[in-house]
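Before any comments, here is the structure.
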Amino acid sequence: MRRTAWVAAALLVMGVAGCGTAGPASPNAPAVSNSGSTTNTTTKLSMQTVALTVLPGSRLGADGKLHDTVTNPNFTVVKGVPVKLSVYNYSANQYTLVNTMLGLRLHIAAAPRQGVPMISTITFTPTTEGAFSWRCTASVDGHLDRWALNHQGFMEGIMHVVPYQNKQYIYLAIKDGLHYAAADGKLHDSYSPADFTVQKGIPVQVTVENFDTGSHSLTDPGLGINEVFTGASGAGTPSETTFTFTPNKTGTFPWSCIIACDTGAGGWAMMHNGYMMGDISVTS
């Protein structure tokens, strides 16, 4: 459904350029709202949701070839808070995400068809601070001699476990022609994931990898967000952008990309949830 009213409002108001458990030991500092006012809160971070995406043949390696990759391969979680880790796999291959020191082993099931991700999830609680390398132990990279298995930033990465803090980390990816729609039988530009959940009153750091050479935005008037992500510098060389916001009300807040995209399909993705539109859910 087209959300014309609030998208127009966004344009006018903001403007856009084309394993175990350990608990927190200290109280929160005051949180700063989107409007700049300070709000005292005793809210504690209770759950972390981290979403990564497997993109086949999508990141350029030092060998000049495109390789299988996990998006945002170096990510951060907070010690002592349960983590719900989900991987959206757009590849027809199966993978794993393994760190033996943390007892972490996630089997990543294959996508059922092109453009339809399979979502695999595991929940764990990190109890030790540090930088923990994770890797895929399955066969990847097709005919490229498993190159991506042996290089950081592809099918290997680092999970940083930081001391307890009231901060949430969200990871998103953007790819052109990524997500299939049964409604028209085409592949469309998409965020992965398009929907995500955060906790009220706690700052959220969002990191976005844009694999599309075109710019995109995440515009959410309800939460005062209006961010633009520049395009990739070339095929397989994504841009990376980080921004922070603090949600100070609960509810479901729709966002959209208001920069023209998915032009080959008449902008279809800009008008349909799960593609270049989605929802931010804010829980108490």
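In what follows, every heavy atom counts, from backbone to side chain, and hydrogens, waters and symmetry copies are set aside.
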(request) Taking Y171 for its side chain and T76 for its backbone only, find out whether a donor-acceptor pair lies under 3.5 Å. (result) yes
(request) Return each pair, listed once, that meets side-chain hydrogen bond (donor to acceptor under 3.5 Å, both in side chains) where at least one residue sits in residues 53-66; pairs must be two or more places apart or across chains. (result) T53-S192, R59-T69, R59-E209, D63-H67
(request) Would you name the heavy atoms of N210 and G231 that are closest together and state the gap between them? (result) ND2-CA, 3.6 Å
(request) Before giving the answer on side chain to side chain donor-acceptor pair (under 3.5 Å), spell out for S256 and T219 the whole-Å C-alpha distance, their side-chain angles and the decisive distance to 0.1 Å. (result) CA-CA 5 Å; S256 74; T219 301; 5.8 Å; no
(message) Looking at V282, is its backbone amide N or carbonyl O close enough to the side chain of T250 to form a donor-acceptor pair, meaning the two atoms are under 3.5 Å apart?
(response) no
(request) Among Ile, Leu, Val, Met, Phe, Trp and Tyr joined by side-chain contacts under 4.5 Å, find the other residues sharing a cluster with W147 and list them by chain and number. (result) F154
(request) Of all the heavy-atom pairs spanning N72 and L52, show the shortest one and how long it is. (result) O-CD2, 3.6 Å
(request) Indicate, with yes or no, if M118 and V98 share a hydrophobic cluster defined by side-chain heavy-atom contacts under 4.5 Å among Ile, Leu, Val, Met, Phe, Trp and Tyr. (result) no
Check: residues 259-269 side-chain donor-acceptor pairs under 3.5 Å, at least two apart:
{"from": "D262", "atom 1": "OD1", "to": "D189", "atom 2": "N", "distance (Å)": "3.3"}
{"from": "D262", "atom 1": "OD2", "to": "H188", "atom 2": "ND1", "distance (Å)": "2.8"}
{"from": "D262", "atom 1": "OD2", "to": "A269", "atom 2": "N", "distance (Å)": "2.9"}

(message) Do L172 and V206 make a side-chain contact, defined as non-hydrogen atoms from C-beta onward lying under 4.5 Å apart?
(response) yes
(request) Could you tell me whether the side chain of K249 and the main chain of G222 form a donor-acceptor pair under 3.5 Å? (result) yes
(message) Between V204 and I280, does the side chain to side chain contact (heavy atoms under 4.5 Å, CB included) criterion hold? Intermediate values first, please.
(response) CA-CA 12 Å; V204 182; I280 302 174; over 6 Å; no
(request) Say whether, by atom type as modelled, one donor and one acceptor occur between the side chain of S239 and the main chain of T230 under 3.5 angstrom. (result) yes
(request) Please name all residues satisfying salt bridge (Lys or Arg N to Asp or Glu O under 4.0 Å) with E156, sequence neighbours left out, ordered by chain then number. (result) R135
(message) Minimum heavy-atom separation for L187 and G115, please, with both atom names.
(response) CD2-CA, 3.7 Å
(message) So which atom in S86 and which in T121 form the shortest heavy-atom distance, rounded to 0.1 Å?
(response) OG-OG1, 2.9 Å
(message) When you group the ILVMFWY residues by side-chain heavy-atom contacts below 4.5 Å and let the links chain together, are V70 and F124 in the same group?
(response) yes
(message) Test of understanding: clusters of I, L, V, M, F, W, Y form through side-chain heavy atoms closer than 4.5 Å, transitively. Do F253 and I225 belong to the same one?
(response) yes
(request) Kindly compute the distance separating OH (Y90) from OG (S190), expressed to the nearest 0.5 Å. (result) 5.0 Å
(message) Side chains of T246 and I202, heavy atoms from C-beta outward: is any pair under 4.5 Å?
(response) no
(message) For the backbone of Y180 and the side chain of Y275, can you confirm whether one donor and one acceptor N or O come within less than 3.5 Å of each other?
(response) yes
(message) So, taking the atom named SG in C257 and the one named CD1 in I174, what distance separates them when rounded to the nearest 0.5 Å?
(response) 7.0 Å
(request) Begin with the C-alpha distance, continue with both residues' side-chain angles, and end with the deciding distance and a verdict on side chain to side chain donor-acceptor pair (under 3.5 Å) for K84 and Q48. (result) CA-CA 6 Å; K84 180 182 178 182; Q48 306 173 78; over 6 Å; no
(message) Show the nearest heavy-atom pair for residues P126 and V83, with the distance to one decimal.
(response) CD-CG2, 3.7 Å
(request) Kindly compute the distance separating CD1 (I108) from CD1 (I122), expressed to the nearest 0.5 Å. (result) 10.0 Å
(message) Within this structure, what is the CG-OG1 distance for the pair L104 and T96, rounded to the nearest 0.5 Å?
(response) 10.0 Å
(request) Report yes or no: does N89 contribute a side-chain atom to a donor-acceptor pair with the main-chain N or O of A109 at less than 3.5 Å? (result) yes
(request) Drop me the distance from M159's CE to W134's CH2, to the nearest 0.5 angstrom. (result) 11.0 Å
(request) Would you mind telling me which of V161, T100, V77 makes a side-chain contact (heavy atoms from CB on, under 4.5 Å) with F132? (result) V161
(request) Taking Q168 for its side chain and Q199 for its backbone only, find out whether a donor-acceptor pair lies under 3.5 Å. (result) yes
(request) Among L149, L97, T137, find the one that has a side-chain contact (heavy atoms from CB on, under 4.5 Å) with M155. (result) L149
(message) Which Ile, Leu, Val, Met, Phe, Trp or Tyr residues join I158 in one cluster when any pair of side-chain heavy atoms under 4.5 Å counts as a link?
(response) none
(request) Report, as yes or no, whether the 6.0 Å neighbourhood of atom CD on Q152 holds more than 12 heavy atoms from other residues, nucleotides or ligands. (result) yes
(message) Can you give me the closest heavy-atom contact between D279 and P254, atom names plus distance?
(response) OD1-CA, 3.4 Å
(message) With heavy-atom distances below 4.5 Å as the criterion, would you say the side chains of P193 and Y191 are in contact?
(response) no
(request) Kindly say whether the aromatic ring centers of F196 and W255 come within a distance under 6.0 Å. (result) no
(request) Apply the test side chain to side chain donor-acceptor pair (under 3.5 Å) to residues T241 and E227: give CA-CA distance (whole Å), side-chain angles for both, the deciding distance (0.1 Å), then the verdict. (result) CA-CA 9 Å; T241 306; E227 298 291 334; over 6 Å; no
(request) Could you grab the distance from atom CG of D176 to atom CZ of F211, nearest 0.5 Å is fine? (result) 11.0 Å
(message) So that I know where these two stand, are H216 and F229 an aromatic pair - ring centroids less than 6.0 Å apart?
(response) no
(message) What I'd like to find out is whether the side chain of H179 reaches to under 4.5 Å of the side chain of Y88, using heavy atoms alone.
(response) no
(message) I'd like to know whether L106 forms a side chain to side chain contact (heavy atoms under 4.5 Å, CB included) with V87, so could you lay out the CA-CA distance, the side-chain angles of the two residues, the decisive distance to 0.1 Å, and finally the verdict.
(response) CA-CA 9 Å; L106 173 61; V87 178; 3.7 Å; yes
(request) Name all pairs fulfilling the salt bridge (charged side-chain N to carboxylate O under 4.0 Å, His left out) condition that reach into residues 110-130, sequence neighbours left out, sorted by first residue then second. (result) K79-E129
(message) For T207 and T242, which I'm curious about, is there any donor-acceptor pair between the side chains at under 3.5 Å?
(response) yes
(message) Under 4.5 Å between side-chain heavy atoms, counting indirect links through other Ile/Leu/Val/Met/Phe/Trp/Tyr residues: same cluster for L178 and L66 or not?
(response) no
